[in-house]
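Keep in mind the model is a prediction, meaning the values are calculated, not measured.
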Amino acid sequence: MKTLLQSINYYFSLNSINSCVYLYYSIIILMLIFIINRYIYFSGYRNNPYIKIKSSISISPNQKIFIVDLKKVRLVIGVTSDKMIVLHRYDNTKFNLNEEVIKKKN
């Protein structure tokens, strides 16, 4: 069984210093591309103003219930290992009115 260096030497002739430098530069460039793509891909999900998970509860190891606020709708979602079901749907205007009434009472 060949070692890693032997297999690399088979595909890339590492006899000269230039080919070693090119190999190391290409590995560094590929790692940078991977890291940049991960940050760009996940940057949109961190501070998304339209989707917010307000609450979650675990019923069993494979079943959870989430309360999710979208832009104009609040959803109660049941999640299992093989499907998602919308259990109830509210308009956000109802919740905003209830919060205002609670604030006025205090």
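No side-chain heavy atom of Ile65 sits under 4.5 Å from any side-chain heavy atom of Val79. Put simply, the side chain of Val73 does not reach to within 4.5 Å of the side chain of Tyr90, judged on heavy atoms. At least one side-chain heavy atom of Ile51 sits under 4.5 Å from a side-chain heavy atom of Val68. Side-chain contact between Lys83 and Ile85 is present, with heavy atoms from C-beta onward closer than 4.5 Å.
The residue from His88, Lys54, Lys52 that alone fulfils the side chain to side chain contact (heavy atoms under 4.5 Å, CB included) condition with Ile67 is Lys54.
Note: the hydrophobic cluster containing Ile53 also contains Ile77 (ILVMFWY, side chain heavy atoms under 4.5 Å, direct or indirect links). Phe66 and Met84 fall within a single hydrophobic cluster, where Ile, Leu, Val, Met, Phe, Trp and Tyr side chains are chained together by heavy-atom contacts under 4.5 Å.
Shown here is Ile57, whose CD1 atom has no more than 12 heavy atoms of other residues, nucleotides or ligands within 6.0 Å. Within 6.0 Å of atom CG in Leu32, more than 12 heavy atoms from other residues, nucleotides or ligands are found, so the atom counts as buried in its surroundings.
In this structure, the separation between CD1 on Ile27 and OH on Tyr24 is 7.5 Å, given to the nearest 0.5 Å.
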task: Decide side-chain hydrogen bond (donor to acceptor under 3.5 Å, both in side chains) for Thr80 and Asp82; before the verdict, give the C-alpha distance in whole Å, the side-chain angles of both, and the deciding distance to 0.1 Å.
output: CA-CA 6 Å; Thr80 63; Asp82 55 340; 3.0 Å; yes
